[in-house]
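Residue numbers begin at 1 in each chain, while the letters A, B, ... track the order of the sequences.
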Amino acid sequence: MTTLERFRNFWPRDRVFDFLVPQTPPDLDLTHGVILYLEGITVSFGGFKAIDDLNLYIEDGELRCIIGPNGAGKSTLMDIITGKTRPDAGSAWFGQQINLLKMTEPEIARAGIGRKFQKPTVFENHTVQDNLELAMAGPKAVWPTLTARLNAAQRERIESVLETVGLQAQIHRRAGALSHGQKQWLEIGMLLMQNPKLLLVDEPVAGMTQQESERTAELLVSLAGPRSVVVVEHDMEFVRSIARKVTVLHQGRVLAEGSMDDVQHDPRVVEVYLGGEPCSTLKN
Amino acid sequence: MTIFTHLYKEDRAGGVLLGLLLAAGLLVPVLNLGLGEAHPLHLSTYTVTLLGKYLCYALLAMAVDMAWGYLGILTLGHGAFFALGGYAMGMYLMRQIGSRGVYGHPLLPDFMVFLNWKELPWFWHGFDGFIFALLMVMAVPGLLAFLFGWFAFRSRVTGVYLSIMTQALTYALMLAFFRNDLGFGGNNGLTDFKEILGFSLQADGTRAGLFAASAAALALGYLACRFITRSRLGKLCTAIRDQEDRARFIGYRVEAAKLWVFVFSAVLAGIAGALYVPQVGIINPTEFAPLASIEAVVWVAVGGRATLYGAVLGALIINYAKSYLTAAFPDAWLFGLGALFVLVTLFLPQGVAGLLQMVPFRKKGGTP
């Protein structure tokens, strides 16, 4: 035992001062099979109720699609779950134990909720590998970040995620040089590096070609199971191709919930989406 | 020597910079002290001091590059940290004068005797010790940067608003330091220094030593900055610069990373100021002037952002041009600086460093 190690054992700083103990969120408790509880959530922006007494439950391992017209509150919902916006009322729990309303954005991210933005948001001046390295789960305080070095296991982890999102060949390319679709996949890869239990994916196929959105559909379906995936999307065909269960938002409330078939024959949904007339986009 | 060859392979510009600094740190004192004045290669003490001053500016430019180039904080107030480091050193130098001042007071600096002060203010105690002064050179700018960053970054002020706040910070400090009753010599500042660590500041040897110390500080500063920018923290910094939200939503406390790198940058600027003061022989509130901080930003813009060596290059080029032009065309100098800034912004967005990177270097057994 070196002197340094002996000194460390003699003076364990994290046991001398309580505030130095690394803050770890409580383990995710999924005993009731539900990963996300949103109850009575209300948010208003200057009198306008973006979310109005919303209740939403996401089960462990499910793939859920959220649809709704513009202004239905889909993005605000994402903001609340990830800590960007605080609701005026209501509660949001991650598993049985974790109160999302008391946590900051980075804490929520480290607790296991990954968020993909609507516009592909990657670090364009970094290589694909560096993007994934930065996103990797692990200590993210300033000092450990300064001294961090990639080890073999972590390199393997990066490679396996690259394989999942199909970007192995691009590992050393600058992220800014990727195509639009590749950036979306890289961003999903960055989320996977954090080992999230819940993925929030905002409009993954906007601006994608047919082939690209088919691959994205496969990818998202394969990701659900070990983790829950929530997809916000406008593209009905895409939703139909992946969804088991669909939630329709309207004016900040849940209008309908169920399978794609149930939802699109629901008269209230038809009313909201189509203004009472049958429409091809929803009927396909 | 191996460290240089290693550096040269990995980071060509950095290797060249460190090699040049080492050579200058050794050669300049020799050319100044070792050769007679008649010798064609003799460097006058005036030149040595001028070069030393440039190196201090280069260190300040590197500090600005850490904040602006890597973190994306366009700081228009780094002169404040530079000046605070300078004042801390100036206070040490004042205390070294002892009873040799004009009024011959054993304890009080001249300006306090002049203002009829009877005793030394509490914050002047301890500055008779060099080590204490060195600590303050780093601690005072660091602490100010910490307080400023703590409030600014936590409330998520970014962009032009943050720039204006940094500008206001240095301007407020300038106004405060102009006041006599603050206890830092008012608008005359601190001057008439006699010696540092027992060496006369008028002696050629001391000047050459200060130059070598500036070169060493710049070299060490470069290595420290390079260590940070090449680490994962450095990647995080540029990630924050480009996509702050993304960095936050992958689990980083963005404000903490910004805060510590900003503090580091302020400490570097403080060290630069501390080396600057004994060489120019005076520190006064004009060092806090917003224009001084803006000039430092121009150096970095001209040299090239986020390269470190570009900042050094920019500071050296502009200050050399300034020394030359202010003597040759005193009226036209400011127009020259303005034109240079506009031209570089228009035609060389990557600065001189970007121009250098376009020159194809041949690498051994690889593509350029």
Pick whichever of [options] has the most heavy-atom pairs under 4.5 Å with chain B.
options: A:M190, A:E124, A:E187; value: A:E187
options: A:P106, A:P196, A:A109; value: A:P106
options: A:N125, A:T147, A:T121; value: A:T121
options: A:L150, A:T104, A:V142, A:L191; value: A:V142

Reported [atom1]-to-[atom2] distance for the pair [X] and [Y], which is rounded to 0.5 angstrom:
X: B:R232; Y: A:K140; atom1: CZ; atom2: NZ; answer: 8.5 Å
X: A:H126; Y: B:K235; atom1: NE2; atom2: NZ; answer: 8.0 Å
X: B:Y252; Y: A:E105; atom1: OH; atom2: CD; answer: 16.0 Å
X: A:Q194; Y: B:F249; atom1: CD; atom2: CZ; answer: 11.0 Å
X: B:R253; Y: A:E107; atom1: CZ; atom2: CD; answer: 8.0 Å
X: B:D245; Y: A:K84; atom1: CG; atom2: NZ; answer: 4.5 Å

Side chains of B:W260 and A:L146 in contact at under 4.5 Å (non-hydrogen atoms): no
Over 12 non-hydrogen atoms of neighbours within 6.0 angstrom of CZ in A:F45: yes
Heavy-atom neighbours of B:Q350 CD exceed 12 at 6.0 Å: no
Part of B:R241 lying under 4.5 Å from any heavy atom of chain A: side chain
Neighbours of chain A found in residues 298-310 of chain B - heavy atoms under 4.5 Å: none
Per-residue contact mode, A:M136 against chain B (heavy atom under 4.5 angstrom): side chain
Part of A:I108 within contact of chain B (heavy atom distance under 4.5 Å): neither
Check: A:V122 main-chain N/O paired with B:R246 side-chain donor or acceptor under 3.5 Å: no
Least distance between heavy atoms, A:T145 atom then B:L236 atom: CG2-CD2, 4.4 Å
